[in-house]
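Computed from a prediction, not measured in an experiment: that's the story for all the values here.
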Amino acid sequence: MKKSYKLLIPLAIILFLILFFLLLLAHDYLNQMITIATAKDPLYSLFNKPDQTTIIHAYDELDNLGYGQSGVTYLFICLFKNTYFCCIMILICLIFFGFLFYLSIPMVESHFVQ
């Protein structure tokens, strides 16, 4: 019973870290899409990771083209419409929540038995 409690905290931290890194990956992907969309040479932008100055310039260029925040929102929505990305995030969450639920069953049963 005490082992279950000791495992819940590290597993919750691991789940949080995995989701955090997936969202960082999504943010980098969004920045890459914006720099490709506003680049004069999209092929070069496709194969090279943009630096911070290029990303800021791409956001400014998106504003100058008249898209602004709606363009960023549209690209972010397109990212989460990506089936593979969403399936991976949902699968990881289900596995960890299922495992946490599996570990918490003995704790609930022991609470009602006493």
Side-chain angles (χ1 to χ4, degrees):
M1 180 171 58
K2 298 210 180 229
K3 287 183 180 178
S4 298
Y5 280 120
K6 289 180 182 177
L7 283 176
L8 285 178
I9 293 172
L11 287 175
I13 290 171
I14 290 171
L15 174 66
F16 173 75
L17 289 175
I18 288 173
L19 290 177
F20 178 73
F21 287 124
L22 280 174
L23 288 176
L24 278 179
L25 181 67
H27 187 261
D28 287 344
Y29 181 72
L30 179 67
N31 287 339
Q32 183 76 27
M33 284 180 22
I34 289 173
T35 55
I36 291 171
T38 58
K40 292 186 185 349
D41 186 13
L43 192 59
Y44 176 78
S45 296
L46 179 65
F47 293 109
N48 294 309
K49 185 175 179 178
D51 59 349
Q52 193 62 29
T53 307
T54 309
I55 293 169
I56 291 171
H57 177 69
Y59 277 97
D60 290 341
E61 187 66 29
L62 204 61
D63 283 339
N64 291 339
L65 291 173
Y67 296 107
Q69 188 61 33
S70 63
V72 174
T73 305
Y74 172 74
L75 291 174
F76 196 69
I77 289 170
C78 287
L79 173 66
F80 281 99
K81 282 184 181 178
N82 185 345
T83 309
Y84 298 119
F85 182 77
C86 290
C87 286
I88 289 170
M89 286 185 67
I90 290 170
L91 184 65
I92 288 172
C93 289
L94 288 176
I95 288 170
F96 273 100
F97 284 127
F99 192 65
L100 290 175
F101 180 72
Y102 174 75
L103 289 176
S104 66
I105 289 175
M107 288 183 269
V108 172
E109 288 175 354
S110 67
H111 179 70
F112 286 116
V113 170
Q114 294 175 358

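- If you chain together hydrophobic residues whose side chains sit under 4.5 Å apart, I56 and Y29 never meet in one group.
- With sequence neighbours excluded, no residue forms a side chain to side chain donor-acceptor pair (under 3.5 Å) with T38.
- Applying the side chain to side chain contact (heavy atoms under 4.5 Å, CB included) criterion to F21, with sequence neighbours excluded, gives L17, L24.
- One distance of note links CD of E61 with OG1 of T35; it measures 12.0 Å at 0.5 Å rounding.
- I95 and I90 fall into different hydrophobic clusters, where Ile, Leu, Val, Met, Phe, Trp and Tyr residues are linked whenever their side-chain heavy atoms come under 4.5 Å apart, directly or through other members.
- Atom NZ of residue K49 and atom OG1 of residue T54 lie 12.0 Å apart, to the nearest 0.5 angstrom.
- Put simply, CD1 on I36 and CE on M33 are 8.5 Å apart, with the number rounded to the nearest 0.5 Å.
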